[in-house]
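Whatever order the structure lists ligands and atoms in, that order sets their numbers, starting from 1. Note that the numbering runs from 1 along the sequence shown for the chain.
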Amino acid sequence: MNILFYAKGLDTESWLTAIRSALPDSDTQLWSEQLEESWQADYALLWHPPVELFATQNSLKAIFNLGAGVDALLRLPGRPSEVPIIKLRNAGMDPWMFDYILYGVLHFGRNFDRYRQQQQQQLWQPHPSTAPNVRCIGILGLGALGQTIAQRFSQLGYRVQGWSRGPKCIEGVDTYSGLDYLDDFLGRCDVVVNLLPATAQTFHLLNADRLAQLRHDAVLINAGRGTTVDPDALNDALALGRLRGALLDVFHTEPLPANHPLWARQNVIITPHIAAPTLIKDALEQITADIQSLEQGLFVPRVDSTLGY
Ligand SMILES: NC(=O)c1ccc[n+]([C@@H]2O[C@H](COP(=O)([O-])OP(=O)(O)OC[C@H]3O[C@@H](n4cnc5c(N)ncnc54)[C@H](OP(=O)(O)O)[C@@H]3O)[C@@H](O)[C@H]2O)c1
């Protein structure tokens with residue numbers, strides 16, 4: 001079996017070593033323009049591949065996306081649309097994503113944003129905090145990550161509600177689906193967590209009207225994709241104090257451009273798309289099991305390119 005690998009920004013040497021060890025009977029090659037045209041891969045393990053990669057590969061049985069978000073791959077011109085795409089389904093990311101979101105919940109929930117500012121003025125002034133069980137965390141997107149994150153917050157005693165495209169049943173979580181429920185959903189949240197994929201349907205879902213549904217001291221944590229939030233509407237809501245603050249990991253354009261007003265906002269924490277990294281060992285455990293299933297003709301969940309996730 002032939003495996004083709006290319007991952008922009010990831011540690012190529014470590015990945016190649018790990019793939020060769022996980023699939024010792026396979027011939028694993030790093031893609032480059034010098035790769036022999038006669039060498040055809042059965043499976044490609046990719047992250048942000050160049051457009052040229054697909055030009056000479058005619059035998060692919062599946063493409064594995066080395067991350068949870070498939071928006072960049074789906075947009076890539078020249079991608080063979082008949083080849084199924086399989087993405088990482090959690091693959092060890094949930095503890096990282098949970099930590100990231102919990103940090104945001106605690107930072108604003110325990111007033112660390114205010115105390116940081118007060119420290120600069122040497123001001124000793126306690127603020128009341130609300131107990132977890134009266135704080136409502138709303139999670140947009142109840143997929144491989146959202147479901148687990150929702151459950152973990154519920155287990156910590158938070159009030160948790162979740163919103164997805166199709167109906168869900170998750171213990172300890174109030175679940176809603178469909179746009180009809182979204183405004184009321186947002187109005188109940190103290191913290192809104194975006195874990196939706198970047199699709200045509202989620203583009204600017206959180207626009208000015210929807211952000212206006214949020215409570216005045218609500219917080220937005222965006223660790224899904226930047227395109228779900230209208231950046232101008234978010235900036236206005238933060239500037240006007242309509243939102244307490246935001247923890248933002250993902251943006252329309254990454255890196256966030258130097259002149260973007262969000263960089264300078266006191267009530268915003270910006271991180272460079274680090275909420276939940278792809279973990280080599282966990283990712284390869286899923287991928288090798290999926291390859292085995294595919295080789296046996298068994299079902300493996302795949303990306304629906306019409307839905308975009
Ligand atoms: N910042 C980071 O470091 C980082 C790391 C990993 C992932 N991510 C992002 O996090 C996102 C979530 O990851 P995941 O693996 O949990 O994704 P996933 O398994 O594909 O789940 C996506 C969820 O979004 C829901 N959804 C999709 N379109 C919708 C719509 N139009 N209206 C309502 N709900 C909709 C889906 O609903 P159904 O369940 O009904 O289909 C599903 O619950 C990824 O797409 C990725 O972009 C970011």
**Near-ring test Tyr115/His127, centroid separation under 6.0 angstrom** =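 Ring centres of Tyr115 and His127 closer than 6.0 Å.
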Any nitrogen or oxygen of [X], side chain or backbone, less than 3.5 Å from one on ligand 1?
| X | value |
| --- | --- |
| Gly143 | yes |
| Leu145 | yes |
| Lys168 | yes |
| Leu142 | yes |

**Message:** Tell me whether Arg135 forms a cation-pi arrangement with Tyr158, defined as NZ or CZ under 6.0 Å from the six-membered ring centre and within 45 degrees of its axis.
**Reply:**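 Here Arg135 fails the 6.0 Å and 45° test against Tyr158.
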**Request:** Please determine if Arg165 forms a cation-pi arrangement with Tyr176, meaning its NZ or CZ atom is less than 6.0 Å from the six-membered ring centre and no more than 45° off the ring axis.
**Result:**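 No, Arg165 and Tyr176 do not form such a contact.
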**Message:** I want to check something: taking the side chain as every heavy atom from C-beta on, are Pro277 and Trp96 in contact at a cut-off of under 4.5 Å?
**Reply:**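 Counting from C-beta outward, Pro277 and Trp96 do come under 4.5 Å.
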Closest by any non-hydrogen atom to [atom]: pick that one out of [options].
| atom | options | value |
| --- | --- | --- |
| atom 15 (O) of ligand 1 | Ala68, Ala275, Pro301 | Ala68 |
| atom 17 (O) of ligand 1 | Gln201, Lys87, Arg165, Met93 | Lys87 |
| atom 8 (N) of ligand 1 | Ala276, Pro272, Ala223, Gly166 | Ala223 |

**Prompt:** Could a heavy atom of Gln147 be found less than 4.0 Å from some atom of ligand 1?
**Reply:**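 In this structure, Gln147 fails to qualify as a contact of ligand 1 - no heavy atom is under 4.0 Å.
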**Message:** In this structure, does ligand 1 have an atom that sits under 4.0 Å from one of the heavy atoms of Trp163?
**Reply:**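 Trp163 counts as a contact of ligand 1 under the 4.0 Å cut-off.
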**Backbone of Val173 reached by a side-chain donor or acceptor of Gln161 within 3.5 Å** =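 Checking the backbone N and O of Val173 against the side chain of Gln161, no donor-acceptor pair under 3.5 Å is found.
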**Prompt:** Name the one of Asp113, Asp190, Asn267 that satisfies side-chain hydrogen bond (donor to acceptor under 3.5 Å, both in side chains) with Arg244?
**Reply:**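 Testing each of Asp113, Asp190, Asn267 against Arg244, the sole residue satisfying side-chain hydrogen bond (donor to acceptor under 3.5 Å, both in side chains) is Asp113.
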**Prompt:** Angle class for the Tyr6/Trp31 ring planes (parallel below 30°, perpendicular above 60°, tilted otherwise)?
**Reply:**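 Ring orientation of Tyr6 relative to Trp31: perpendicular.
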**Request:** Under 4.0 Å, heavy atoms only, figure out whether ligand 1 is touched by the backbone of Val250, its side chain, both or neither.
**Result:**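 Contact part for Val250 vs ligand 1: side chain (C-beta onward).
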**Request:** May I ask you to identify, for Asp249, whether its side chain, its backbone, both or neither come under 4.0 Å of ligand 1 on a heavy-atom basis?
**Result:**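 The answer is the side chain.
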